[in-house]
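So the structure is just underneath, and the comments pick up after that.
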Amino acid sequence: MEVSKKRVVLSLYRELIYYSKLITNKEEKISKLNLIKSTFKKNKSIPETETEKIDKLIEDGQKKLSFLKIMTPREFAKSYKTTGVYRFEDGKWIEGNEEKKSKRQYLDHGIDIMDLRRHNHLVKRMQFLDRR
């Protein structure tokens, strides 16, 4: 196998393992993990020259991965609390004790210049300021 094919297969394996561990039903989780591990071990001995077969197996794995992504619950969706200050760390939402963004007070209107730039960008994107 080429180095890129090996990387694709390894990343596919890791993602399949990760998403199958997120399944809430313990029996189904264990069966999926065992199925993934046995399938990859069985197909490990496929010679490098059979690229069509390897590509077909990668495609099948991608289909199963996309199905797993749909079926597994998202971790941050467990909580119904939507207000507060949060941070994103190591791929997970963490409720933090972070301070809210402090606005720098200007003499004219007391708005943050970054907020004004963002506002102007969004207004232009919605084509409110570009009318002639």
Side-chain angles (χ1 to χ4, degrees):
M1 269 193 261
E2 301 172 26
V3 175
S4 62
K5 294 257 189 204
K6 282 184 181 180
R7 286 185 182 170
V8 169
V9 170
L10 286 175
S11 68
L12 179 65
Y13 177 75
R14 287 183 191 124
E15 283 188 282
L16 283 167
I17 294 293
Y18 172 78
Y19 281 104
S20 62
K21 284 182 179 179
L22 294 178
I23 296 173
T24 54
N25 187 352
K26 289 187 179 184
E27 294 172 3
E28 188 178 347
K29 179 193 305 187
I30 292 170
S31 68
K32 293 279 185 193
L33 285 170
N34 290 336
L35 177 68
I36 291 167
K37 289 177 183 179
S38 65
T39 305
F40 273 83
K41 283 181 184 177
K42 180 181 77 173
N43 293 323
K44 185 178 180 182
S45 62
I46 295 176
E48 300 172 7
T49 56
E50 294 185 28
T51 57
E52 292 176 8
K53 188 172 183 178
I54 294 171
D55 289 337
K56 184 181 179 300
L57 289 170
I58 289 174
E59 186 179 331
D60 291 341
Q62 290 288 350
K63 288 178 185 176
K64 290 178 182 178
L65 176 64
S66 62
F67 178 75
L68 269 177
K69 284 182 178 180
I70 292 170
M71 296 307 294
T72 54
R74 297 178 189 250
E75 287 187 41
F76 60 87
K78 289 180 183 175
S79 171
Y80 294 104
K81 183 179 176 186
T82 56
T83 60
V85 181
Y86 296 90
R87 70 175 188 257
F88 194 72
E89 186 176 291
D90 296 329
K92 296 179 183 176
W93 286 102
I94 300 172
E95 185 172 1
N97 296 327
E98 308 293 320
E99 293 181 20
K100 290 186 179 180
K101 180 179 167 185
S102 62
K103 293 191 176 191
R104 186 172 173 190
Q105 299 292 322
Y106 290 96
L107 296 177
D108 53 357
H109 297 290
I111 60 171
D112 187 10
I113 193 69
M114 294 307 291
D115 288 340
L116 180 63
R117 286 182 184 155
R118 183 171 186 273
H119 171 75
N120 287 338
H121 168 73
L122 292 174
V123 168
K124 285 180 184 175
R125 190 173 86 185
M126 296 303 293
Q127 299 176 348
F128 286 113
L129 294 179
D130 292 339
R131 293 186 181 168
R132 293 177 189 189

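Numbers for residues simply follow the sequence, beginning at 1.
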First locate atom [atom1] of [X], then atom [atom2] of [Y], and finally report the distance between them rounded to the nearest 0.5 Å.
| X | Y | atom1 | atom2 | answer |
| --- | --- | --- | --- | --- |
| L33 | E28 | CG | CD | 10.5 Å |
| I36 | S31 | CD1 | OG | 9.0 Å |
| S38 | K41 | OG | NZ | 8.5 Å |
| E27 | K29 | CD | NZ | 12.0 Å |

Can you name the residues that form a side-chain hydrogen bond (donor to acceptor under 3.5 Å, both in side chains) with N34, not counting sequence neighbours? none
Is there side-chain contact between [X] and [Y], with at least one heavy-atom pair below 4.5 Å?
| X | Y | value |
| --- | --- | --- |
| M71 | I23 | no |
| K32 | L16 | no |
| I46 | L57 | yes |

Pairs satisfying ring pair (Phe, Tyr, Trp, His ring centres under 6.0 Å), at least one member in residues 22-54, at least two apart: Y13-F40
Less than 3.5 Å apart, which donor and acceptor atoms pair up between the side chains of residues 60-68 and the rest of the protein, not counting sequence neighbours?
unit_1	atom_1	unit_2	atom_2	d
D60	OD2	K56	NZ	3.4
S66	OG	Q62	O	3.4
S66	OG	K63	O	2.8

Under a single-linkage definition using a 4.5 Å side-chain heavy-atom cutoff for Ile, Leu, Val, Met, Phe, Trp and Tyr, are L35 and Y18 assigned to the same hydrophobic cluster? no
Could you tell me which non-hydrogen atom of L12 sits nearest to which non-hydrogen atom of I58, and how far apart they are? CD2-O, 3.9 Å
